[in-house]
Enquirer: 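Here it is, the structure in full.
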Amino acid sequence: MTAMKAHLMHRKTDFDPRAALPPQAQELIDDLGLDQLCTAMSGADNDGFGVARAALLLGLSDPEEITYRQDVLADCLTHADVLRELYALVLETLARQRTIHRGLFLSSTSAILRGSLASLHMLVEMLVRMRDLARANAGRFQSEGLATMFAMLVRELDDAYITQVRADIAELEFHRGELMSVGMGTYLTAVGHALRKPHVAAHPMLDKLLGTGVPSHSFRIADRDEAGGRILADLKARGLDRVANAVAQATDNILAFIACLHTEVGFYVGCLNLHDRLAAASLPTCRPQICPDSRGMVWARGLYDPGLCLSGAPAVIGNDIDAGDAGVVVITGANQGGKSTFLRALGLSQLMAQAGMFVAADAYRAPVRKGVFTHFKRQEDASMTSGKLDEELHRMSEIADEVSCGAVILFNESFSSTNEREGSQIAREVIRALREAGVRIAFVTHQYDLAHGLQAAGDDHTVFLRAERSEDGGRPFRLLPGEPLSTSFGPDLYAEIFGPTERASATLGA
Amino acid sequence: MRGPSVLFRDPDAVTLETALPDYASDLLLDQVIAHVIKGADEYDLLPYFATRLSDVRDVTYRQDVFTDIQDQELTKAFVDYGEAMRLTRTRLAQGRKLYYERFRQAWVLAAGEAYVAAVDGLLAGLRATPLRSEALQAVRRYVSDYAAGPVMTRLRADSASLRARMDAITYALRLSGDRITVQAYDDEPDLGTHVLATFEKFSRGAAKDYRSRTPSWPDCNHIEAHILDLVAVLHPDEFAALERFGAEFGDVLDPALLALERDVQFYLVVARHERWLEAGGVDFTMPTIDDRSTQVDVRGTVDVALADKLAGEHRQPVRNDVTLLDGERIFVVSGPNQGGKTTFARTVGQLFHLAALGCRVPGTSARLFLPDSIHTHFEHPEDVRTLRGKLQDELIRVHRIIESSTARSVVILNEILNSTTLEDALVLGTRIIDQLIDLDVLTVYVTFVDELASRGPSVVSLMSQVEPEDPATRTFRVVRQPANGMAYAAAIARKYRVDYEHLSRRVAR
């Protein structure tokens, strides 16, 4: 059982960044702008990018596990410098390891031993520095994950242990293959060559003179006996074999531990990076509250899409949403009114919350989801093998294969690639079926027929938001509770593009 | 002491044939037997397949062993026994090739261990199964006595204790420069284990194995030999014991057990072949040998050579019956070409040979007798002699067959007189079949001359069958039916619309 663990992301297991992603992973990446977020977290580190992505897509479903991570994250935010210093040590270790030739491909016993000893030398030095960092900061960390890990480093890598390891390495480095034990095989061939640590004789010279050492007999390989010389070299290698194997395995194991640190500490450093970017733009972040019993969608204040900040938008607006009991959220309103952005904010916040991260909002409350799905508009099918509606329905079918009660689907202008009557009808049925199955829905649409129909049904569990239009036609991109209106402010845009002299009158329809 | 034979009640009374009888190639038995004994070349089993038994009691002796061998555990015990004996011989041979005396002795010890395992294993196997056959019961008694006897007792004890003593030897090698020192092992701690313990806290379960794959050295070299000599100085008693063992083991292998090993292979290879065919759907049955009559009744049988070939393609041959009751003696087989007539003829010959070896035969039930001789004459179309020469050879051959046959023989004539004129075939064929009728010898006579089929009351007419709706398709069933000459030809012509009515309409005037 290994004692050297870095369980920062799960209480009892290592985090596996290579676990299989959910089938809708690519859609989520494309529609929610996940790559931009992950790049902001990981910087230039390829591995970090993969870890961030995996963490966001492989969300946790156990509220206790989420709390575990949130606690670690809180510690990291408070003691960011220590985290970053630890991460720097990990990166230095990996960089130095890359320059050491382990000799594994030569498959020569002595090359393997030499290479692994070189690695071990360096690894022990780096582990000591990590341990010293842990010692200096003992007691400052509150979260179970970090407190346990630092305590483990201090305890397992104490001075006595390090001294012994160093002594063992030194012994192996200077060993000349002097002494090995050998057993008798079935045909009296030599088996089980094992390198031994010679007893230190109290008076070796005396033993030799008086012959009081163990009984021994020796012979020399003749000078011209080339075959004999080769056999002798092989004998030496056999003796080293088991030891070389042990040392190589030990090196592998330590490197595996370092890799775990790289993954898990790297994840939190990524969170720190993202946090710093948002804070620098004076945007709020909060610790989400997980409410497992909720039947609704989400309750939030000041919820925004962090992607906007990362792509350099000048002003990022947050929105409020009261859908704690509502399973369906319908969003209508002005074109370019911030509806898609809000949908992204909903999606990203849910992923971040379930990854144990902070959320881009002032305050946030949501249940645990059984999966987040997106159904966004696509470009025309370039191969023209299927019509657009075809393509949309095909995608809907694929989602239907995976979705279950408790999941959430974000629809962005879905089923609009046909006339409004047909599209609304399709959408109505889809929504009805999903709702009855317990799937949560956020639906952005400009189809008045659909939105109005849903509203007229008078269901308590549906919330309507509308992208706000100011009196002068400008757009502050705010979403407020409001019933759907029958125009979608196309005239505003028309006017914008075609010039003020063509200002649309209120009678122009959709 | 001569041990019991599992193949013959009285081995001294037997003269083994060294080659298969000349009818074996006509019946394709040579191919089948070659397939059966493939892989067992070192045992030279061919004579056992070439020598027919002539006494019903000898046949029953073997049939009972076959019945016992049905038990999979017993078969496995014999297979393991063969392997262990082969291992013993291999180890002895390997040792003799070695240059260094001590290594040779080591191989002798290993051979001794294999031999003990062979004998003890065989006895355990024989004791674990209920045995019905007289042969195997005798074998069990013999092996039991031998295993408990003085030679084996001594060998068992000596080899075990010597092995234990040799295994317990651990010595130490000190290498520095070009000097090798052999010394007593003083319990120095193992560095490899020590390293593993130090880094135990980092271990994560399965780890990659970096140990080199070099095996133990097959040819012992002069350095190892020298080291071993020095080890012998440190442990003189053990090596002296090894030397004594090597000298005494010598020719301790019991000849009766060696003979048993060989003889039992006969049953093992036949059983293995049967199982293979059975897996493909062929049934086997233990024939009842009734030497008081020359009646024959075999149901659902197949040509075993054809079955062999088809089994490789996951198919089975069509089944037929071979029945001659009361005064019936001669089958005249006619019908369309390639319809299964030759196959039928072979099947009959095979049945008699296989039954006379004590084996099971294909079929669901079988009643046969042991013929005093089996004669075949199959036409070989590729013979390039002149037609007159060919006819002459055929007649000489048939004459010889008739001269040497009795009422207890079996004669198989396949498509003789094919290359003569129809008139000759009719006249000569009638004369030949009359002689066969007089001899009252069991005959299979394959021919296109329909008239022969109704030559007398002891003649049975068989025809190879075709599908009624599609006369171009053979069913390969051969059944009793009066020979009806060319009736099928008319149906085929209709199918291709070249019968008279169609053809006259089709051909333009």
Side-chain angles (χ1 to χ4, degrees), chain A residues 2-4 104 107 109 112 156 164-165 168 172 175-191 193-199 214-221 227-229 231-232 234-239 241-250 252-254 256-257, chain B residues 94-95 102-103 105-107 109-110 166-196 198-205 207-212 214 216-217 220-224 226-228 230-231 233-234 242:
Chain A
T2 174
M4 301 301 287
L104 297 177
S107 65
T109 309
I112 291 175
E156 296 292 339
Q164 197 203 331
V165 168
D168 283 350
L172 290 167
H175 210 283
R176 295 278 175 262
E178 277 171 2
L179 186 68
M180 69 179 90
S181 67
V182 189
M184 305 290 263
T186 314
Y187 305 108
L188 291 199
T189 45
V191 296
H193 301 75
L195 212 56
R196 299 277 164 185
K197 211 169 148 133
H199 295 315
V214 286
S216 71
H217 307 276
S218 64
F219 65 100
R220 279 207 134 81
I221 309 275
I231 294 166
L232 180 58
D234 269 354
L235 258 183
K236 282 197 178 130
R238 274 163 187 263
D241 204 37
R242 278 176 49 183
V243 167
N245 183 45
V247 171
Q249 285 182 346
D252 278 352
N253 289 334
I254 297 178
F257 171 66
Chain B
Q94 189 65 26
R102 294 201 198 281
F103 289 119
Q105 291 160 5
W107 283 83
L109 171 59
M166 299 311 289
D167 278 351
I169 294 179
T170 303
Y171 60 95
L173 279 181
R174 194 183 270 282
L175 312 173
S176 66
D178 58 0
R179 174 172 284 275
I180 299 180
T181 306
V182 178
Q183 65 191 49
Y185 170 55
D186 197 15
D187 252 336
E188 293 92 346
D190 180 340
L191 260 182
T193 313
H194 179 73
V195 166
L196 283 173
T198 302
F199 291 101
E200 170 62 25
K201 62 179 65 184
F202 288 97
S203 84
R204 307 182 136 247
K208 190 167 160 192
D209 190 344
Y210 291 97
R211 284 176 299 184
S212 66
T214 43
S216 290
W217 317 27
C220 320
N221 55 67
H222 59 296
I223 303 292
E224 283 239 52
H226 200 152
I227 291 175
L228 207 56
L230 294 180
V231 177
V233 173
L234 290 177
L242 180 65

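Given the structure is predicted, the values throughout are model-derived calculations rather than measurements. Labels below follow one simple rule: chain letters A, B, ... track the order of the sequence lines, proteins then strands, and each chain is numbered from 1.
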Enquirer: Select, from B:Leu228, B:Asp187, B:Thr198, the one with the greatest count of heavy-atom pairs under 4.5 Å involving chain A.
Expert: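 Looking at each of B:Leu228, B:Asp187, B:Thr198 in turn, B:Thr198 comes out on top.
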Enquirer: Distance from A:Arg220 atom CZ to B:Asp178 atom CG, nearest 0.5 Å?
Expert: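 Taking CZ in A:Arg220 and CG in B:Asp178, the distance rounds to 4.5 Å.
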Enquirer: Heavy-atom pairs under 4.5 Å with chain B: which of A:Ile254, A:Val247, A:Asn245 has the most?
Expert: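 Looking at each option in turn, the highest pair count goes to A:Asn245.
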Enquirer: Below 4.5 Å, heavy-atom pairs only: which of A:Ala246, A:Gly229, A:Gly185, A:Ala227 has the largest tally toward chain B?
Expert: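 Answer, by heavy-atom pair count under 4.5 Å with chain B: A:Ala246.
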Enquirer: Do A:Asp252 and B:Tyr210 come within less than 4.5 Å of each other through their side chains, counting heavy atoms only?
Expert: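 A side-chain contact under 4.5 Å exists here.
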Enquirer: Does any non-hydrogen side-chain atom of B:Gln183 lie less than 4.5 Å from one of A:Leu179?
Expert: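 Touching, per the 4.5 Å side-chain cut-off.
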Enquirer: Between chain B and each of A:Ala244, A:Gly183, A:Ala256, A:Ala194, count heavy-atom pairs under 4.5 Å; write down the option with the most.
Expert: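 So the answer, after comparing A:Ala244, A:Gly183, A:Ala256, A:Ala194, is A:Ala256.
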Enquirer: What I'd like to find out is whether the side chain of A:Leu188 reaches to under 4.5 Å of the side chain of B:Met166, using heavy atoms alone.
Expert: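 Sidechains of B:Met166 and A:Leu188: in contact.
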Enquirer: Give, as side chain, backbone, both or neither, the part of A:Glu156 having an atom under 4.5 angstrom from any heavy atom of chain B.
Expert: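 Its backbone and side chain both get close to chain B.
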Enquirer: Under the ring-ring contact (aromatic ring centres under 6.0 Å, His included) test, which residues partner B:His194, sequence neighbours left out?
Expert: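 Partners of B:His194 under the ring-ring contact (aromatic ring centres under 6.0 Å, His included) test: none.
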Enquirer: Counting heavy-atom pairs closer than 4.5 Å to chain A, which one of B:Val195, B:Val231, B:Asp167, B:Ile180 comes out on top?
Expert: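 Most heavy-atom pairs under 4.5 Å with chain A: B:Ile180.
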Enquirer: At a 4.5 Å cut-off on heavy atoms, which part of B:Tyr171 comes close to chain A: side chain, backbone, both, or neither?
Expert: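 Backbone plus side chain of B:Tyr171, per the 4.5 Å heavy-atom cut-off to chain A.
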Enquirer: Please rank B:Asp190, B:Leu242, B:Leu109 by heavy-atom pairs under 4.5 Å with chain A and give me the top one.
Expert: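 Counting heavy-atom pairs under 4.5 Å, the top option is B:Asp190.
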Enquirer: Got B:Thr193 and A:Arg242 here, is their nearest side-chain heavy-atom distance under 4.5 Å?
Expert: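 Answer yes - side chains close enough.
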